[in-house]
Protein chains: 2
Amino acid sequence: MSEKEFLENYDIHEFDVPLCTVDMAVFSLIENQLNVLLVYRDEHPCKERWALPGGFIDLNKDKSPEAAAHRKLKEKTGLGSAYLEQVETIGSPKRDARGWSLTVLYYALVDITRVTLPKVGKKTVWMPLSELKPRSLAFDHGKLIDVAMKRLRSKATYTALPIELMPAEFTLTELQHLFEMILARDLQAKAFRNRVMSANMVEETGGSKISGKRPAKLYRSTKVDRDTYFSRPLQS
Amino acid sequence: MSEKEFLENYDIHEFDVPLCTVDMAVFSLIENQLNVLLVYRDEHPCKERWALPGGFIDLNKDKSPEAAAHRKLKEKTGLGSAYLEQVETIGSPKRDARGWSLTVLYYALVDITRVTLPKVGKKTVWMPLSELKPRSLAFDHGKLIDVAMKRLRSKATYTALPIELMPAEFTLTELQHLFEMILARDLQAKAFRNRVMSANMVEETGGSKISGKRPAKLYRSTKVDRDTYFSRPLQS
DNA sequence: GCAATAGTGTCTCTTAGACAGTATGCG
DNA sequence: CGCATACTGTCTAAGAGACACTATTGC
């Protein structure tokens with residue numbers, strides 16, 4: 001039998017296959033708090049619970065799982081581009097009541113000032129991580145957020161990735177606070193600034209920001225490769 | 001409609017789903033060379049070409065993609081346990097002639113002295129990476145090996161993971177050679193030994209090995225968590 | 001002794017961490 | 001001025017990199 005004949009006779013439904021989805025933890029920084037985007041489910045299963053944005057790969061629209069994730073990010077935030085990284089693929093017979101289910105988990109870091117939540121369609125909401133009740137979410141999405149958060153935390157120790165969460169202009173103190181929140185520990189201002197400055201990841205805008213006391217210089221992030229690692233990681 | 005009713009009426013085949021597989025790059029060290037395990041395909045598609053071990057997730061047998069990977073590793077190497085890590089999930093409409101296909105890629109590090117290749121069933125072979133012709137492999141498996149190898153290289157800069165490839169007893173010079181091969185650069189003996197010793201990743205067995213000249217002390221790996229990172233990565 | 005491989009002493013350099021000190025604004 | 005926040009000077013510690021040096025074997 002030739003390959004051509006084989007393919008003509010191949011029945012893609014001969015064997016049971018898992019349900020196959022893409023899910024995303026979209027993180028943003030709102031009022032000095034890390035938030036994650038949630039979508040309200042008004043269909044079964046897990047009807048009337050909050051879930052991560054995501055869903056089935058559309059075999060007609062999507063050329064790759066990344067493409068599916070980008071499409072969903074665009075639908076929910078209006079962002080055509082943002083930092084997006086695959087975290088892990090998680091599957092089990094139990095995680096979805098419909099059957100054996102596999103999800104490719106991504107996380108995205110977005111600048112909240114550039115986001116426009118959809119006016120129509122499903123309800124979407126920014127949930128502060130500090131107020132999140134992981135057990136209340138649909139499926140195993142509480143656990144997925146935890147996995148994504150662990151990855152972000154790990155990355156924050158050896159890259160400047162969290163800078164993607166900042167608005168166009170920001171102060172180094174604000175950036176340090178963000179890292180401290182992600183790493184859940186205090187950082188030394190001097191060491192942090194040396195690190196960020198010597199990596200040329202930011203440049204002065206010339207402006208400054210007064211928050212009551214001494215004004216802080218404003219910076220913007222330079223377009224440096226996000227995958228360039230610091231030569232030494234932070235502790236923890 | 002209740003969730004129960006919804007599930008009773010849910011047709012898992014209502015939408016097209018991707019083909020969903022697990023593939024593994026199993027690495028071993030044979031005669032000071034990195035090898036990868038290949039399996040001969042005697043069925044379409046990609047008939048009569050070499051491929052990574054892998055295949056469809058068995059919804060009845062496998063409780064997770066990891067479980068599927070472990071099952072396939074056991075089938076091909078006889079090993080019930082080995083270091084196994086998920087690398088990335090790769091999918092596209094083109095990578096498999098049968099249709100939109102998604103594969104969860106793992107890599108495994110095995111001690112070749114503990115492996116027993118199956119006597120019956122599909123032909124399996126250890127292919128030295130130096131002799132591998134990536135384009136000749138089935139599907140995109142040449143690229144998958146490259147992705148897995150990049151991950152292994154990255155890990156070798158900040159963990160002692162490659163130690164999993166060594167036999168029960170080995171010399172530090174042999175271990176250093178392994179790291180040099182993976183990283184494709186020479187390492188300083190002093191720095192390498194300091195690093196390995198101070199992390200308590202190995203302990204002396206008491207024995208020594210003569211390879212012609214001065215005998216080298218033999219070590220065994222201690223059961224340290226493979227995910228403990230060195231406080232500083234190696235360059236490159 | 002010589003060759004070859006195993007293993008060490010010691011120096012430099014970079015950078016995180018610590019912490020006290022200075023700078024600049026407002027009331 | 002006092003106080004709060006922004007930012008710096010300077011020291012220490014750890015560990016990688018470099019490289020010359022010593023150690024132990026067979027012949």
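Protein chains get the first letters and strands the later ones, always in sequence-line order, with residue 1 at the start of each. The shown structure was predicted, so the numbers you read here are calculated from the model rather than taken from an experiment.
Between the side chain of A:Lys190 and the base of D:dG9, a donor-acceptor pair under 3.5 Å is found. Side-chain N/O atoms of B:Arg232 and base N/O atoms of D:dA14 include a donor-acceptor pair closer than 3.5 Å.
What separates CD of A:Gln188 from P of D:dG9 is a distance of 16 Å, to the nearest Å. Between the CZ atom of B:Phe230 and the C1' atom of D:dA16 there is a distance of 12 Å, given to the nearest Å. For the pair B:Glu204 CD and C:dG7 C1', the interatomic distance rounds to 12 Å; values are reported in whole Å. Look at CD on B:Gln176: it is 12 Å from P on C:dT8, rounded to the nearest Å. D:dT8 atom P lies 7 Å from atom CZ of A:Arg214, rounded to whole Å. Taking atom CE on A:Met197 and atom C1' on D:dA6, their separation rounds to 14 Å, with Å as the unit. Between B:Arg193 atom CZ and D:dG15 atom P there is a gap of 18 Å when expressed in whole angstrom units. Rounded to a whole Å, the CG atom of A:Asn194 is 17 Å from the P atom of C:dC19.
Between B:Glu85 and B:Arg151 there is a salt bridge, since at least one side-chain N of the basic residue sits less than 4.0 Å from a carboxylate O of the acidic one. A salt bridge links A:Lys209 to A:Glu174: one of the charged nitrogens lies within less than 4.0 Å of a carboxylate oxygen.
Checked by atom type, the side-chain pair B:Glu180/B:His177 shows a donor-acceptor distance below 3.5 Å.
Mapped onto DNA chain C by nearest heavy atom, A:Arg185 and B:Tyr219 fall at different nucleotides, with B:Tyr219 at the one closer to the 5' end. Heavy-atom distances to DNA chain D give each of B:Pro215 and B:Gln235 a nearest nucleotide, and the one nearer the 5′ end belongs to B:Gln235. Between B:Ser231 and A:Leu172, the residue anchored nearer the 5' end of DNA chain D, judged by the nucleotide with its closest heavy atom, is A:Leu172.
Ring geometry for B:Tyr229 versus B:Tyr158: interplanar angle over 60°, hence perpendicular rather than tilted (30 to 60°).
Counting any heavy atom pair closer than 4.0 Å across all strands shown, B:Thr171 reaches no nucleic acid atom. Nucleic acid contact for B:Leu234: sugar-phosphate only, since backbone atoms but no base atoms lie under 4.0 Å from a heavy atom of the residue. Residue A:Ile210 is classed as having no contact, given no heavy-atom separation below 4.0 Å to the nucleic acid. Within 4.0 Å of A:Ala189, counting heavy atoms only, lies no atom of the nucleic acid at all.
Here the shortest heavy-atom pairing between B:Tyr107 and B:Ala148 reads CB-CB, 4.0 Å.
Between C:dA16, D:dT5, C:dG7, one nucleotide has an atom nearer to the side chain of A:Lys213 than all others, and that is D:dT5.
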